[in-house]
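Worksheet: the structure to be examined is printed underneath.
What you see is a predicted model; the values in this text were computed from it and never measured.
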Amino acid sequence: MGDEYGIYYRPEVAAGRVSSARYNLFWRLGSLVVSALIIGLAWLIWPGQVGTAAPWFLITSIAIGLVTSIIAAITWIRAASDAKLATGLAIGLNREGVLIGQRWITWPEVGSMVVKPGSLGASNALVATMRDNSTLTVPLELTDAMPASVDSVVRVLSGGRSWVDLSALD
């Protein structure tokens, strides 16, 4: 390893995550409509057999379908939000400091670096907090590096002054 190290975004990974989340949303909405239609038709065709249970099945089916569709929509929105960042250099490191999100920070200015797990479509994120309490975030799952390798590079190039806290991933 030299004195400089670059971690780049992978736009194809970001596009794949967005596409998958969008497909999941449409699948959930389609499933909701089909379930409601099947229960509604059963109620119309066999009112004696389905009887008073049909409204409860219909309400339950719609409620579950709406909840899963809302979760899928949130997942899609969060994946799309991360994907907007996925162009070019994500993190640039050298012996003087680190470039995150087009902001240069020298090693003495870095307060902490933590990897926070993603949820509901958001990527695991490297969150760098500066000594002035400002923060910068990089969605790591959209880059070409694993969290542990980022930690190794940070430790080496900072001369042990900084590291990446990976404990939240345990």
Side-chain angles (χ1 to χ4, degrees), residues 1-32 63-170:
M1 174 174 27
D3 284 350
E4 293 186 352
Y5 189 78
I7 298 170
Y8 292 88
Y9 284 113
R10 296 181 56 208
E12 70 280 2
V13 172
R17 288 171 55 100
V18 172
S19 175
S20 176
R22 184 179 57 240
Y23 176 82
N24 186 33
L25 173 61
F26 292 141
W27 177 261
R28 299 285 180 180
L29 290 172
S31 175
L32 168 63
I64 291 171
L66 284 174
V67 168
T68 58
S69 295
I70 289 169
I71 292 169
I74 291 169
T75 301
W76 181 28
I77 290 166
R78 293 185 71 171
S81 176
D82 281 351
K84 288 178 186 175
L85 302 173
T87 57
L89 182 67
I91 304 169
L93 303 111
N94 66 24
R95 297 216 180 265
E96 301 300 317
V98 59
L99 177 71
I100 300 176
Q102 306 306 313
R103 181 172 170 197
W104 176 253
I105 305 112
T106 62
W107 292 119
E109 292 177 281
V110 176
S112 68
M113 297 177 104
V114 178
V115 174
K116 295 193 175 177
S119 63
L120 291 177
S123 167
N124 290 341
L126 173 70
V127 179
T129 304
M130 274 38 79
R131 299 225 183 261
D132 65 1
N133 285 328
S134 62
T135 60
L136 298 168
T137 304
V138 173
L140 280 181
E141 290 178 15
L142 305 183
T143 67
D144 59 359
M146 300 296 289
S149 59
V150 174
D151 177 45
S152 297
V153 171
V154 167
R155 285 177 192 265
V156 168
L157 291 178
S158 73
R161 292 176 282 186
S162 290
W163 62 90
V164 178
D165 181 359
L166 302 172
S167 61
L169 296 179
D170 293 338

Going by salt bridge (charged side-chain N to carboxylate O under 4.0 Å, His left out), name the residues that satisfy it together with R155, two or more places apart in sequence or in a different chain. D151
Set of residues satisfying salt bridge (charged side-chain N to carboxylate O under 4.0 Å, His left out) with respect to R161, sequence neighbours excluded: none
Rounded distance [0.5 Å steps], [atom1] in [X] versus [atom2] in [Y]:
{"X": "R131", "Y": "T129", "atom1": "CZ", "atom2": "OG1", "answer": "11.0 Å"}
{"X": "I105", "Y": "L99", "atom1": "CD1", "atom2": "CG", "answer": "7.0 Å"}
{"X": "S158", "Y": "E96", "atom1": "OG", "atom2": "CD", "answer": "12.0 Å"}
{"X": "L140", "Y": "M146", "atom1": "CG", "atom2": "CE", "answer": "9.5 Å"}

Would you tabulate the side-chain donor-acceptor contacts of residues 19-28 under 3.5 Å, counting partners in other chains and residues two or more places apart, or write 'none'?
unit_1 : atom_1 : unit_2 : atom_2 : d
N24    : OD1    : R28    : NE     : 3.4

Name all pairs fulfilling the side-chain hydrogen bond (donor to acceptor under 3.5 Å, both in side chains) condition that reach into residues 133-142, sequence neighbours left out, sorted by first residue then second. R17-E141, R103-S134, N124-E141, D132-S134
Could you report the tightest heavy-atom contact between [X] and [Y], atom names first, then the distance?
{"X": "A128", "Y": "I100", "answer": "CB-CD1, 3.6 Å"}
{"X": "T143", "Y": "A90", "answer": "CG2-CB, 3.8 Å"}
{"X": "G6", "Y": "L89", "answer": "CA-CD1, 3.9 Å"}
{"X": "G65", "Y": "L32", "answer": "CA-CD1, 3.8 Å"}
{"X": "A145", "Y": "V150", "answer": "CB-CG2, 3.9 Å"}

Review item, side-chain donor-acceptor pairs of residues 71-83, under 3.5 Å, at least two apart:
unit_1 : atom_1 : unit_2 : atom_2 : d
T75    : OG1    : I71    : O      : 2.9
R78    : NH1    : S119   : O      : 3.4
D82    : OD2    : S123   : N      : 2.8

Among all residues two or more places apart in sequence or in another chain, which pass the side-chain contact (heavy atoms from CB on, under 4.5 Å) test with L93? Y5, I7, I91, V98, W107, V153, V154, L157
Between P139 and Y9, is any pair of side-chain heavy atoms under 4.5 Å apart? yes
